[in-house]
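Have a look at the structure below before the remarks.
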Protein chains: 2
Amino acid sequence: MAKNSTVCRATIKDVAEKANVSLMTVSRAVRGLNGVSETTRQCVLQVVQELNYVPNGNARALVQANSKLIGLSLPTLFNDVFADALLGMRRTIEQAGYSCLVQTTDYDTEREAKWTDQLLEWRPAAVIMTGVDHHARVRSKLRGDNIPTLEIWDVTDDPIDICVGIDHLAAGHELGVHVAQLGYRKPAFVGPPEGDDPRADKRVAGLIRAFRSIGSDPLQRITVEPNNAFLMGQQGFDALPQTNRPDVVFFLNDHIAFGGMMAAERAGLTVPNDLGIVGFNGLDLNHVLARPMTTMSTPRRQMGLVGARHLLARLSGIAPPRNTHLPCTLCPGQTTRAQ
Amino acid sequence: MAKNSTVCRATIKDVAEKANVSLMTVSRAVRGLNGVSETTRQCVLQVVQELNYVPNGNARALVQANSKLIGLSLPTLFNDVFADALLGMRRTIEQAGYSCLVQTTDYDTEREAKWTDQLLEWRPAAVIMTGVDHHARVRSKLRGDNIPTLEIWDVTDDPIDICVGIDHLAAGHELGVHVAQLGYRKPAFVGPPEGDDPRADKRVAGLIRAFRSIGSDPLQRITVEPNNAFLMGQQGFDALPQTNRPDVVFFLNDHIAFGGMMAAERAGLTVPNDLGIVGFNGLDLNHVLARPMTTMSTPRRQMGLVGARHLLARLSGIAPPRNTHLPCTLCPGQTTRAQ
DNA sequence: TTGTACGCGTTATCAT
DNA sequence: ATGATAACGCGTACAA
C-alpha cells in the first residue's frame, strides 16, 4: 500500500546507516567540522545527496536552546523607507546564516505585542523592532529573557538593548527652523492621528518648538487616515482650512507631500508662492520631479547596515554601543520659497 | 554567583512541579484541550503567568514533524504591488496561527533556490512563491517533499501545487491591442533585461503579438537597470532612440511610467500627442495625477486573499483548485490619444 | 480527569 | 578519527 502520502524525509540516522558510520560522524561531516577523515566525509556527503538529506532546524534549535531565527517587526511595507532599511539589514543577517521572521504592525502596539508572544515561541536568536516605543510587556519580556534586541529608526536614552537611529525631535526642529527662516508663518502638518506614529509625533514636536520660538501661528495638525501615500496627500490638502489657509504644509513623508502638491496645483495654487510644500525622508522621487522638494534626507540604508552589524557583534559576544545617532541632511528644495 | 548571565526560560516541567501536576496536564491546559478540570486549569495557568512560561515552538515542531511556519518568497519590497498582495495574505495566514519566514529574491532564481534550501530546514507547513518560474531544484524538492505550495502572480498549466494569478501574456496582448487601435505604430517597452522578470517577458510577448498582427513596427525593448522606480522611468526615456523615435512607450509599471512621463515633458514632448505613455498595475498613484495613466489594473489584493484561502484549505486537507485565473481590468487613460 | 513511557532529530560530552 | 550515550522540551498513546 502507498505509505500514507506523507512527507518522507531522511534523517541523520538514515544517512548514518547507509554510509555505515555513526550519527556523530554524519553530523560532523555535514557541518564541516574537523575530526572527519577526508574519505569518510566524501562518502557521507555522497549519501546525503542521494537521500536528499536536509538537517532539521527545529531539532537543532531545540538542543542548542536557541534558533538561527531573527524576528523583524516593521510598521508597514507600503513605504520605501522600510524597504530601504531592510535592504541593508537582511543581506548582512542572511549571510550570517540567520533567517528572518517578519511581521508588520500597522503602527499598532498591541499587534506588535501579540506577535512578540508568538515569536518568542521560536526562541529567536535576536529581535529587531522599529522605533523605541513599545508595549511595556514587550520591553520586559525581551529584557527579562535577555534576548539581543535592536531598535532602529529612532533613539532613546533607555533602549531595550541596542539602538541605531535618528533623532526625530531634532530633525523636525531643524526642518522647522529652516522653513521659518524662509518667512513662512502659518504652518500645518499632515499625517496620521497623534499617537499612531510616535516618530511623527516627535518630529511634530520639533516643528512646534521651531515655530513657537519665532512667535508664528501655532502649527495646525491635520489628520489623514492611513492609505495610499499619494491619496493621503490629496486628502490632507483637501482638509486644510479654507479661511486663514496655512502658507506651508509639512507632510509625513515625500510621497504624501507629492500627492498634496498635485492637489494644490489642481486647485489653482502656485507652489511655493501660495503654498510651501515640505516632505520628509529624501526619497529618490525627488530626482525626477521638475522642482525638487524641500525635505529632510534620512540615512535609511545606513541605519540598516549599522544596525545589523551591531546586532551581529552583539550575537558574537562583543558589546556594541548601546545607542547610535545617525545624522540627517537638510535638503532645501524648490517647493518652498528661496532666500 | 550569578547563574551565567544566560536566558533562563521556564519549561513545562517547571510549571508542572510548581503546580503539583504532571507534564501532560500542563500541556493540555496550555493548549486549551479538553480533559482538564476547571480548577486545575486555573491553577496551571496561574503558574504559567508567574513563571512567564512560553511553549517552545521548536520542540513542538520537532515532535509534530512540521512547524507552524510558512515560507514566503517575494522578488522585492520596493514595489507596492507585492505589499498589496501581502496585505491580503499575511492577515489570513497569521490569524490561522502561522508565522511567515520572508525572503526577497531580487528576481534571482539562484538566490531563491538557496533560500529554499535554508527554509526547508525549518520544516515549514507551506511555501508561497512569486511567479511560476523557478529553479528546477526548487520545484523537485517542494514536490518531492509534498509541501503545500502556493504560486502567486502568474498562471501555468503545470504549477508545483496550487496557483493563483493573472495571465500576463493575455494582459499584455489586450493592452497592446487597445493601444494599437488608438493608432500608435511605433511601440517600445521599458523594463528589466529579458530573463530577469519572467512575468514582464510574458507581457512583452503579448504586446509583440498585438502589434505584429496589425503590421506595425516591431516593438523595441529598452533595458534599464533595477533601481528606484522613478529613476528607471527617467533612464528609460533617456535611452529611447533619437531618430525614428517611438510614438508610444509601455513601461514595466505605473511608477516607472510616471518617471518616464516626467522626463518626456521636461524634454519638451507633449503627452499623449508626441508620445503615448502606458503603465501597468493600476496603482493608486493614478488617482492623484492630473491626467490618469493608461494602464492595466491587476487584482493584487484579491490574489493575496484567494491564494491564502486556497492554501489554508489545502493545509486542512481540502483540495482547492490547482489553478485560478483572476481577471485584469483595462484602464484607458489620458496618457494615450483618444479615439 | 490525570499520569507514565516513549520518541521526535539533533548535538555535547566523554569515551575509545 | 570515530562512536556511544544522554540530554533538549514537547506531544502521542496508552494506562490508571
Side-chain angles (χ1 to χ4, degrees), chain A residues 4 6-45 47-48 51-69 97 120-125 145, chain B residues 4 6-45 47-48 51-69 97 120-125 145:
Chain A
N4 181 12
T6 187
V7 183
C8 51
R9 202 137 12 194
T11 71
I12 280 200
K13 199 174 154 199
D14 301 324
V15 178
E17 284 171 3
K18 187 155 181 183
N20 269 318
V21 291
S22 71
L23 300 184
M24 278 316 296
T25 304
V26 176
S27 177
R28 284 190 267 253
V30 168
R31 285 181 295 163
L33 297 187
N34 297 330
V36 184
S37 74
E38 199 46 36
T39 41
T40 323
R41 163 163 292 143
Q42 295 297 340
C43 166
V44 168
L45 294 183
V47 177
V48 162
L51 260 43
N52 239 306
Y53 165 74
V54 177
N56 186 321
N58 296 121
R60 185 176 287 168
L62 179 58
V63 69
Q64 296 190 335
N66 90 335
S67 66
K68 278 283 202 175
L69 252 26
L120 290 183
E121 296 195 0
W122 294 108
R123 304 295 187 261
D145 289 350
Chain B
N4 182 10
T6 187
V7 183
C8 52
R9 199 125 29 183
T11 72
I12 280 200
K13 197 173 156 202
D14 301 325
V15 178
E17 284 171 4
K18 187 155 180 185
N20 268 316
V21 292
S22 71
L23 302 183
M24 276 317 296
T25 304
V26 176
S27 176
R28 284 191 267 254
V30 167
R31 285 181 296 160
L33 298 187
N34 297 330
V36 184
S37 74
E38 199 46 37
T39 39
T40 324
R41 163 163 292 141
Q42 295 297 340
C43 167
V44 170
L45 294 183
V47 177
V48 163
L51 259 45
N52 240 305
Y53 166 73
V54 177
N56 186 321
N58 296 120
R60 185 177 285 167
L62 179 58
V63 69
Q64 295 189 336
N66 93 334
S67 67
K68 279 283 203 175
L69 252 27
L120 289 183
E121 296 195 0
W122 295 108
R123 304 294 187 263
D145 288 351

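Convention: sequence-line order gives letters A, B, ...; per-chain numbering from 1.
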query = Taking CG from Leu51(B) and C1' from dG9(D), how many angstroms apart are they, rounded to a whole number?
reply = 15 Å
task = Describe the nucleic acid contact of Val36(A) in one word from base, sugar-phosphate, nothing, applying a heavy-atom distance below 4.0 Å.
result = sugar-phosphate
ask   = What about Arg28(B), does its side chain sit under 3.5 Å from the base of dG11(D) through a donor-acceptor pair?
value = no
query = Out of dC10(D), dA7(D), dT2(C), which nucleotide sits closest to the side chain of Val63(A)?
reply = dA7(D)
query = OP1 or OP2 of dT2(D) sitting under 4.0 Å from any side-chain N/O of Thr40(A)?
reply = yes
task = Taking Ser67(B) for its side chain and Ala61(B) for its backbone only, find out whether a donor-acceptor pair lies under 3.5 Å.
result = no
query = Is any side-chain nitrogen or oxygen of Ser27(A) closer than 4.0 Å to OP1 or OP2 of dT11(C)?
reply = yes
note = note: Lys68(B), atom NZ; dG11(D), atom P; distance rounded to Å ~ 13 Å
Of the listed nucleotides dG9(D), dA4(D), dA13(D), the one nearest the side chain of Met24(B) = dA13(D)
query = Quick one: Leu23(A) CG to dT11(C) P, roughly how many Å, whole number?
reply = 10 Å
request  = Could you check how far CD of Gln64(B) sits from P of dC8(D), rounded to whole Å?
outcome  = 20 Å
Residue mapping more 5' on DNA chain D - nearest nucleotide basis, Lys13(B) or Asn34(A) = Asn34(A)
request  = Could you check which of dG9(C), dT2(C), dG11(D) has an atom nearest any side-chain atom of Asn56(A)?
outcome  = dG9(C)
request  = Provide, to the nearest angstrom, the distance between the CG atom belonging to Leu33(B) and the C1' atom belonging to dG11(D).
outcome  = 10 Å
request  = May I have the distance from Asn20(B) (atom CG) to dT2(C) (atom P), rounded to whole angstrom?
outcome  = 13 Å
message = On the nucleotide dT2(D), are OP1 or OP2 found under 4.0 Å from the side-chain N or O atoms that Ser37(A) carries?
response = yes
note = Only one of Arg31(A), Arg41(A), Met24(A) passes side chain to side chain contact (heavy atoms under 4.5 Å, CB included) with Val36(A), and that residue is Arg41(A)
From dG3(C), dG9(D), dG3(D), nucleotide with atom closest to Ser22(B) side chain = dG3(C)
ask   = Looking for any heavy atom pair under 4.0 Å, which part of the strands does Leu62(A) touch: base, sugar-phosphate only, or nothing?
value = base
inquiry  = Which nucleotide wins on minimum distance to the side chain of Arg60(B), given the candidates dT11(C), dG11(D), dT4(C)?
reply    = dG11(D)
key: Minimum heavy-atom distance between Asp14(A) and Arg9(A), given as atom pair plus value   = OD2-O, 4.1 Å
task = Provide the closest heavy-atom pair for Leu51(B) versus Ala10(B) in the form atom of the first, atom of the second, distance.
result = O-CB, 3.7 Å
request  = Please assess Val47(A) against Val44(A) for the test side chain to side chain contact (heavy atoms under 4.5 Å, CB included), listing each intermediate value before the final yes or no.
outcome  = CA-CA 5 Å; Val47(A) 177; Val44(A) 168; 5.9 Å; no
message = Nearest whole Å is fine: how far is dA7(D) P from Asn58(A) CG?
response = 22 Å
request  = For residues Asn66(B) and Pro124(B), report the shortest heavy-atom separation together with the two atoms involved.
outcome  = ND2-O, 4.4 Å
message = Using the side-chain heavy atoms of Pro55(A), tell me which of these nucleotides is nearest: dT10(C), dT2(C), dG3(D).
response = dT10(C)
query = Separation of Asn66(B) atom CG from dC10(D) atom P, in whole Å?
reply = 18 Å
